[in-house]
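The structure under discussion appears below in the form of structure tokens.
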Amino acid sequence: MSTAETVRDGAVRDGSVRDGSVRDESVRDGAVRDGPVLDGPVRDGPVRDGPVRDGSVRERTPARRAAAAWHADPYVRALHAGRGPLFLRRADGWMLPLDVERWCADADAADRTVLRRCQGPALDIGCGPGRLVAALALRGRPCLGIDVSQAAVARTVRAGGPALCRSVFEPLPGEGRWGTALLIDGNIGIGGDPQALLARVAQLIAPNGLLLVEAAAADVDERVRVRVDDGRGDMGTAFPWARVGVPALLHHARAVGWNPVEQWTARDRSFVSLRRTPPLPRSATER
């Protein structure tokens with residue numbers, strides 16, 4: 001454990017998560033191809049590099065319409081440049097800076113506190129340009145990134161991480177068999193409804209799977225509509241988003257059957273690990 005990391009409320013409980021959960025023929029040889037979702041086990045082994053051709057990452061269904069802002073020019077230009085400025089702008093004019101430079105860099109010390117807690121095959125929800133997926137692949141861990149931005153997925157694949165251009169609310173490979181799911185860099189805000197997102201993630205991970213979430217540093221619980229803004233007058237379309245600090249995250253998590261396992265901070269970032277509440281045993285009269 002790094003000296004930059006502060007752990008509270010106990011340690012991660014022991015529990016086995018079997019490796020191998022997802023195979024999707026749309027991810028192989030380093031390219032992202034459109035194709036059917038195939039359930040099956042995840043094969044262990046390295047992620048091979050390969051080219052990403054223009055047009056190899058395509059929209060699949062109308063389910064991603066609400067995320068059209070992440071295809072807007074300000075976001076795409078920032079990913080291509082590897083830097084901001086880039087913000088989420090609320091209707092009242094308040095702007096949240098987005099740390100594009102960190103997203104496009106290699107995993108840092110705070111990220112590594114997340115990576116070493118991963119168990120079994122890992123699903124990075126809202127993977128962005130893919131630094132966490134690439135780091136997991138480099139460690140030889142089966143993994144997959146998903147993101148609604150074609151530019152983000154293409155950059156992830158070029159970095160060496162397998163990725164699909166898909167919403168978390170669409171059908172995904174290996175549902176119910178992922179050992180770990182990640183909601184990092186504020187991605188607990190996806191869809192603007194943390195409880196709905198947490199309920200969806202519960203469908204994706206294995207019964208003893210682990211969810212690793214980054215919460216806002218502030219004690220906040222808000223659901224808003226925002227736009228991607230480059231600070232120079234170029235903005236995307238409005239979409240729903242949420243921001244939750246640790247207290248609000250724990251409240252929403254418990255409401256949909258998640259138990260907190262661990263809380264820690266690293267480099268002024270706040271993280272929580274969660275597991276599903278096990279179902280109560282049925283009584284003899286219910287059997």
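Everything numeric here is computed off the predicted structure, so don't read it as measured data.
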For this session: If you link ILVMFWY side chains whenever their heavy atoms are less than 4.5 Å apart, which other residues fall into the same cluster as Val220? By chain and number, please.
Result: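 Its cluster mates, by chain and number: none.
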Exercise. Val133: which other cluster members, linking ILVMFWY side chains closer than 4.5 Å, directly or transitively?
Worked result: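 Under the 4.5 Å side-chain rule, Val133 groups with nothing.
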Hey, are the side chains of [X] and [Y] touching, using non-hydrogen atoms and a 4.5 Å cut-off?
X: Arg276; Y: Trp258; result: yes
X: Pro171; Y: Arg166; result: no
X: Pro74; Y: Arg227; result: no
X: Leu183; Y: Leu212; result: no

Looking only at non-hydrogen atoms, find the nearest pair between [X] and [Y] and report the distance.
X: Ile188; Y: Leu197; value: O-CD2, 3.5 Å
X: Thr156; Y: Pro162; value: CG2-O, 4.4 Å
X: Ser167; Y: Val148; value: CA-CG1, 3.8 Å
X: Ala107; Y: Leu115; value: CB-CD1, 4.0 Å
X: Phe169; Y: Ile190; value: CE1-CG2, 4.3 Å
X: Leu144; Y: Pro173; value: CD2-CG, 4.1 Å

Restricting to salt bridge (Lys or Arg N to Asp or Glu O under 4.0 Å), what partner residues turn up for [X], sequence neighbours left out?
X: Asp193; value: Arg223
X: Asp108; value: Arg269
X: Asp221; value: none
X: Glu222; value: Arg90, Arg243

Give the cluster check for [X] versus [Y]: same hydrophobic cluster or not, with ILVMFWY residues linked at side-chain heavy-atom distances below 4.5 Å.
X: Val226; Y: Phe87; value: no
X: Leu138; Y: Trp103; value: no
X: Leu96; Y: Phe239; value: yes

Once rounded to the nearest 0.5 Å, what's the spacing between atom [atom1] of [X] and atom [atom2] of [Y]?
X: Leu274; Y: Ile205; atom1: CG; atom2: CD1; answer: 9.0 Å
X: Thr180; Y: Arg141; atom1: OG1; atom2: CZ; answer: 6.5 Å
X: Asp268; Y: Thr265; atom1: CG; atom2: OG1; answer: 8.0 Å
X: Arg117; Y: Leu210; atom1: CZ; atom2: CG; answer: 9.5 Å
X: Arg275; Y: Leu211; atom1: CZ; atom2: CG; answer: 10.5 Å
X: Leu136; Y: Leu182; atom1: CG; atom2: CG; answer: 6.5 Å

Exercise. Quick one: side-chain contact (heavy atoms from CB on, under 4.5 Å) partners of Arg89, sequence neighbours excluded?
Worked result: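 Partners of Arg89 by the side-chain contact (heavy atoms from CB on, under 4.5 Å) criterion, ordered by chain and then number, come out as Met95, Asp229, Met235.
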Problem set entry | For Phe271, ring-ring contact (aromatic ring centres under 6.0 Å, His included) partners two or more places apart |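 For Phe271, the residues satisfying ring-ring contact (aromatic ring centres under 6.0 Å, His included) (neighbours in sequence not counted) are Trp264.
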With a 6.0 Å cut-off (strictly less than), is the heavy-atom count around [atom1] of [X], excluding the residue itself, greater than 12?
X: Asp234; atom1: CG; result: yes
X: Asp92; atom1: CG; result: yes
X: Arg83; atom1: CZ; result: no

For this session: Mind jotting down which residue pairs meet the side-chain hydrogen bond (donor to acceptor under 3.5 Å, both in side chains) criterion with at least one end in residues 196-205? Sequence neighbours excluded, please.
Result: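 Pairs touching residues 196-205 that pass the test: Glu175-Arg200, Arg200-Gln203.
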Please set out all donor-acceptor pairs under 3.5 angstrom arising from side-chain atoms of residues 123-132, sequence neighbours excluded.
from: Arg131; atom 1: NE; to: Asp111; atom 2: OD2; distance (Å): 2.8
from: Arg131; atom 1: NH1; to: Asp185; atom 2: OD2; distance (Å): 2.8
from: Arg131; atom 1: NH2; to: Asp111; atom 2: OD1; distance (Å): 3.0
from: Arg131; atom 1: NH2; to: Asp185; atom 2: OD1; distance (Å): 3.0
from: Arg131; atom 1: NH2; to: Asp185; atom 2: OD2; distance (Å): 3.1

For this session: Kindly determine whether Arg155 and Ser149 satisfy side-chain contact (heavy atoms from CB on, under 4.5 Å), including the steps that lead there.
Result: CA-CA 10 Å; Arg155 183 162 179 146; Ser149 165; over 6 Å; no
Exercise. Within the distance-only criterion (no hydrogens, no angle test), does the side chain of Ser273 pair as donor or acceptor with the backbone N or O of Glu262 below 3.5 angstrom?
Worked result: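 Yes: the side chain of Ser273 pairs with the backbone of Glu262.
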Problem set entry | Residues which pass side chain to side chain donor-acceptor pair (under 3.5 Å) with Asp219, listed by chain and number, not counting sequence neighbours |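 None.
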Problem set entry | Which residues share a side chain to side chain donor-acceptor pair (under 3.5 Å) with Gln195, sequence neighbours left out |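 By the side chain to side chain donor-acceptor pair (under 3.5 Å) rule, Gln195 matches His252.
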